[in-house]
Amino acid sequence: MSVRVRYAPSPTGLQHLGSVRTFLFDYFFARANGGKFILRIEDTDQSRFNEESLQDLYDTLNWLGIDWDEGPDKEGGYGPYIQSQRLELYKEYAEKLIADGKAYRCFCTPERMEKLREEQKDNKQDYGYDRHCRNLSEEESQRLYESGAPYVVRLKIPDGREVAFHDEILGDIKRKSRDISPDPVMLKTDGFPTYHLACVVDDHLMEITHVFRGQEWIPSTPLHILMYEAFGWEPPKFCHLPLIMGKDGKKLSKRHGSTFAREFRAMGYLPEAMVNYMIMLGWSYDDTREFFSHDELAELFNLERVNKSPAVFDYKKLEWFNGQYIRKADPERIQNLYLPLLKEEGIISDPPTEDEMKLVKDSYGLVQERLKVINDAPGLLRFLFKEIESYNIEDAIPKKMDREGTKTVLKGCLEVLDGFAGRSDEENEELFRQKSEELGVKLGQILQPLRVALTGTTVSPPMFESIRLFGAERTMERVKNLIAQM
RNA sequence: GUCUCCAUCGUCUAGGGGUUAGGACACCAGGUUUUCAUCCUGGCAGCGGGGGUUCGAUUCCCCCUGGAGAUGCCA
């Protein structure tokens, strides 16, 4: 049987790192096995549905280069792929369950449920429905139904059974049926299915072979097994993925840092770095290799090497991956990624002038080794395009030197800068060395004030290259400017 | 509370009855260098505890501990 895998997000929030990891495993498993990757929208919670998250889903998938074979916009013979468009189907199957005696209508009001819950809490009993309506006589149930009373459909959980399933990652998992929540709701009052019903019905109808989902679903899988039994269907294979944690071992959340895919995109992470890092969170290839292209993953990903235990998300390592990928990337691509940022920050005009574009292109060498994320670029390049707003004089004064000495050094720089453009870097360096000897300081002590004069900071790209790009004459202006302020 | 899952350096992981327990990030030190970064070299650091099984357990089994998740008309 050919592999069919689905990613089934519910559009109630933005795609976060856990979602990304799940669909990456879905996708690459499908690809590596020559199977189909299906996108299904689980919008069964009307109250939490939100349009923005739907757009975010598509944006995220597209950004990371993940395409699907079937989905809302790609009919593949198993549609519709949006659960809110399949309501009749779920109702039909719920009715079938009732007709077969596997489920029943429950007319208990929310008020009764709340009261029950409170009583259970007071008596320190286990929570759960007391099966009041399961014990209704058929006539009574029918009468209430015909009276138009609102109801939900609940599955009858059998007593005294052990429900087992085999997880492809975790192995055999068992649970006693009495530990499964008594008689979970399948169909809500509003006619929408719960996750459990919709998921089981759709996975079966869409002939899903492997269900990938987070480990938080393990406790409800026995329930799903019971549902497959009630329908007389063969369950798919289950693959419960380890959870992603924050540094403190708690479930990853905002307080650990960014968690939404779009935030990483906005910060200037490359999609391939993101994919590579995320796939390594819970999966490994061997004892050393850790760089994988999209195509390689689509060939090499497998279930055997998926880890069982939860993984802590390491922002530092992601950053390292990103730096590695930026350095390997085509310069033009990286420039095009930060070009809009330069415009946004008003560093260059919009549209850029010809001179600005040339300078952006020529200056790439200044940043390529220094970028961890794309968004670092504006800060590194700003000095080439904009005047230094204010000098921190202290920065300009090297260690073991004073203000006067620094002034003298800067004046010395002016002499060397004269005719700078006409000489090679080697020649210029030699001149700076001579000058520093003449002034009785080290080369670093002469270059630091110059660096501050040109860039406004003590940390910058290499001096000579920067001077060449910016122009020796204009550099001299900045040096004079700084001297005047000292 | 109850149920379920998990457990190798700080983090991601490889390994597996006999290994100097391997790699990567981070960190530290050194080198290259005009600062930063890159790059190179080296270093620090780990099998949670207790019982078994065995000639021998980090590896297999049990218990404990620790961590996480689930206990919704949310997914």
Handout entry: A/F291-A/F321 aromatic ring centre distance below 6.0 Å
Key = yes
Exercise for the section: Would you kindly say whether A/T221 and A/R175 are connected by a side-chain donor-acceptor distance under 3.5 Å? Expected result: no
Completion exercise
Of the candidates B/U34, B/C12, B/G69, the side chain of A/L447 sits closest to B/U34
Fill in the blank from the handout: When A/S460 and A/K247 are each assigned the nearest nucleotide of RNA chain B, the 5'-most assignment goes to A/K247
Fill in the blank from the handout: In short, salt bridge (charged side-chain N to carboxylate O under 4.0 Å, His left out) pairs touching residues 451-468 of chain A with sequence neighbours left out are A/D425-A/R468
Practice task
Just grab all the salt bridge (charged side-chain N to carboxylate O under 4.0 Å, His left out) pairs involving residues 308-330 of chain A, residues at least two apart or on different chains.
Solution key: A/E290-A/K317
Problem - C1' atoms of B/G66 and B/C47, separation to the nearest Å - result: 16 Å
Practice task
Write out all pairs satisfying side chain to side chain donor-acceptor pair (under 3.5 Å) with one or both partners inside residues 161-170 of chain A, taking only residues at least two apart or from two chains.
Solution key: A/R161-A/E229, A/H166-A/D172, A/D167-A/H240
Practice task
Could I get the full list of ring-ring contact (aromatic ring centres under 6.0 Å, His included) partners for A/F28, not counting sequence neighbours?
Solution key: A/H294
Practice task
Taking the six-membered ring for Trp and the single ring otherwise, decide whether the centroids of A/Y104 and A/Y151 are under 6.0 Å apart.
Solution key: no
Fill in the blank from the handout: Taking for A/R305 and for A/L443 the nucleotide of RNA chain B with the nearest heavy atom, the one nearer the 5' end belongs to A/R305
Problem - A/R433 side-chain N/O to B/U34 phosphate OP1/OP2 under 4.0 Å - result: yes
Check nucleotides 72-75 of chain B for protein N or O atoms closer than 3.5 Å to its own N or O atoms and list the pairs.
| unit_1 | atom_1 | unit_2 | atom_2 | d |
| --- | --- | --- | --- | --- |
| B/C73 | O2 | A/T189 | N | 2.9 |
| B/C73 | O2 | A/T189 | OG1 | 2.8 |
| B/C73 | N3 | A/T189 | OG1 | 2.5 |
| B/C73 | N4 | A/C108 | O | 3.4 |
| B/C74 | OP2 | A/K188 | NZ | 2.6 |
| B/C74 | O2' | A/D45 | OD2 | 2.9 |
| B/C74 | O2' | A/R48 | NE | 3.4 |
| B/C74 | O2' | A/R48 | NH2 | 2.7 |
| B/C74 | O2 | A/R48 | NH2 | 3.3 |
| B/A75 | OP1 | A/T44 | OG1 | 2.9 |
| B/A75 | OP1 | A/K188 | NZ | 2.7 |
| B/A75 | OP2 | A/Y195 | N | 3.2 |
| B/A75 | O3' | A/E42 | OE1 | 3.3 |
| B/A75 | O2' | A/S10 | OG | 3.2 |

Completion exercise
So salt bridge (charged side-chain N to carboxylate O under 4.0 Å, His left out) across residues 362-374 of chain A, not counting sequence neighbours, yields A/K358-A/D362
Problem - Worked verdict on A/D202 versus A/Y90 for side-chain hydrogen bond (donor to acceptor under 3.5 Å, both in side chains) - result: CA-CA 9 Å; A/D202 285 350; A/Y90 308 122; 2.6 Å; yes
Completion exercise
Those residues at least two apart in sequence (or on a different chain) that pass side chain to side chain contact (heavy atoms under 4.5 Å, CB included) with A/Q368 are A/Y364
Please tabulate, one pair per line, each protein N/O and nucleotide N/O from nucleotides 45-48 of chain B that are separated by under 3.5 Å, including the distance.
none

Taking only nitrogen or oxygen atoms into account, show me every contact under 3.5 Å that the protein makes with nucleotides 2-9 of chain B, one pair per line with its distance.
| unit_1 | atom_1 | unit_2 | atom_2 | d |
| --- | --- | --- | --- | --- |
| B/C3 | O2' | A/R175 | NE | 3.0 |

Exercise for the section: Using only heavy-atom distances, decide whether a donor-acceptor pair under 3.5 angstrom links the side-chain of A/R327 to the base of B/U38. Expected result: no
Problem - Spacing of the C1' atoms in B/U41 and B/U33 (rounded, Å) - result: 16 Å
Problem - Under 4.0 Å protein heavy-atom contact, by nucleotide of nucleotides 21-28 of chain B - B base, S sugar-phosphate only - result: -BSBB---
Handout entry: Euclidean distance for C1', B/U11 against B/A26 (whole angstrom)
Key = 8 Å
Problem - B/U8 versus B/G23 - spacing of their C1' atoms, nearest Å - result: 13 Å
Enumerate donor-acceptor pairs with a distance under 3.5 Å from any side-chain N or O in residues 377-385 of chain A to protein atoms, sequence neighbours excluded.
none

Problem - Separation between the C1' atoms of B/G30 and B/G50, rounded to whole Å - result: 45 Å
Practice task
Between B/U65 and B/G51, how far apart are the C1' atoms? Round to whole Å, please.
Solution key: 14 Å
Completion exercise
From the candidates B/A14, B/U35, B/G69, the one with an atom nearest any side-chain atom of A/V459 is B/U35
Practice task
Tell me which nucleotide among B/A68, B/U34, B/C39 gets nearest to the side chain of A/E429.
Solution key: B/U34
Handout entry: B/U58 and B/C9, which share atom name P, separated by this distance in whole Å
Key = 15 Å
Completion exercise
Partner of A/F212 under ring pair (Phe, Tyr, Trp, His ring centres under 6.0 Å), picked from A/F23, A/F25, A/F29, is A/F29
Practice task
Measure from the ring center of A/F464 to the ring center of A/F420 and say whether it is less than 6.0 Å.
Solution key: yes
Handout entry: Residue pairs passing the salt bridge (charged side-chain N to carboxylate O under 4.0 Å, His left out) test where at least one lies in residues 47-57 of chain A, sequence neighbours excluded
Key = A/D45-A/R48, A/E52-A/R262, A/D56-A/R262
